[in-house]
Amino acid sequence: AVCRKNPNFYLICKQTEGKLAVAWCNFSLDTAYEPVIELSQQYKNATFIGNQGKLLEDRLLLADVAPWSFGAVILEN
């Protein structure tokens, strides 16, 4: 997974059979406006933790992420 155009937006990923967990942290003094996380494959279901967003096959469209905040999502096929 990668989040382009947000240099201080860090991702931590853990993949198991049929699932991918992605956590993110915005270590910037600025809000990350509607960041997009690109995934390596398509997923069918997403459970967001600490933030809101939308799953579009192989991309996550996140709500704005405030400075020094974090969130996560669990993706399933």
Side-chain angles (χ1 to χ4, degrees):
V2 64
C3 185
R4 301 180 198 279
K5 300 181 184 179
N6 291 290
N8 292 315
F9 199 85
Y10 290 84
L11 302 177
I12 301 169
C13 304
K14 170 69 176 176
Q15 189 165 16
T16 60
E17 189 172 325
K19 292 185 180 182
L20 175 66
V22 181
W24 56 84
C25 302
N26 182 12
F27 291 128
S28 174
L29 296 175
D30 301 314
T31 298
Y33 294 103
E34 299 179 346
V36 176
I37 297 176
E38 299 171 29
L39 307 167
S40 62
Q41 67 183 57
Q42 294 182 1
Y43 289 91
K44 295 179 183 173
N45 297 310
T47 303
F48 289 88
I49 303 165
N51 198 345
Q52 296 179 347
K54 181 186 253 185
L55 172 63
L56 293 178
E57 296 179 352
D58 65 345
R59 291 179 297 142
L60 293 170
L61 307 178
L62 303 180
D64 296 347
V65 180
W68 301 103
S69 64
F70 59 91
V73 64
I74 299 172
L75 302 161
E76 298 180 78
N77 283 334

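- Through side-chain heavy atoms spaced under 4.5 Å, either directly or across other Ile, Leu, Val, Met, Phe, Trp or Tyr residues, V36 is tied to L56, L61.
- Counting all heavy atoms, side chain and backbone alike, P67 lies closest to D30 at CG-C, 3.7 Å.
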List the atom pairs, donor and acceptor, that lie under 3.5 Å between side-chain atoms in residues 69-77 and the rest of the protein, sequence neighbours left out.
residue : atom : partner : partner atom : Å
S69     : OG   : A66     : N            : 3.3
S69     : OG   : A66     : O            : 2.6

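- Applying the 6.0 Å contact sphere to CD of Q41 captures more than 12 heavy atoms from other residues, nucleotides or ligands.
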Residues 11-22 side chain polar contacts: donor-acceptor under 3.5 Å, at least two apart:
none

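- Checked by atom type and distance alone, the side chain of N26 pairs as donor or acceptor with a backbone atom of V65 at under 3.5 Å.
- W24 and F9 have parallel rings, their planes meeting at less than 30° on a 0 to 90° scale where 60° marks the start of perpendicular.
- Residues L29 and Y33 fall into different hydrophobic clusters, defined by Ile, Leu, Val, Met, Phe, Trp and Tyr side chains chained together at heavy-atom separations under 4.5 Å.
- Between L39 and A1, the shortest heavy-atom contact is CD2-CB, 4.1 Å.
- Heavy-atom neighbours of E34 CD from other residues, nucleotides or ligands within 6.0 Å: at or below the threshold of 12.
- Remark: D58 CG to I37 CD1 distance equals 12.5 Å, nearest 0.5 Å.
- Side-chain contact check for L60 versus Y43: every heavy-atom pair is 4.5 Å or farther apart.
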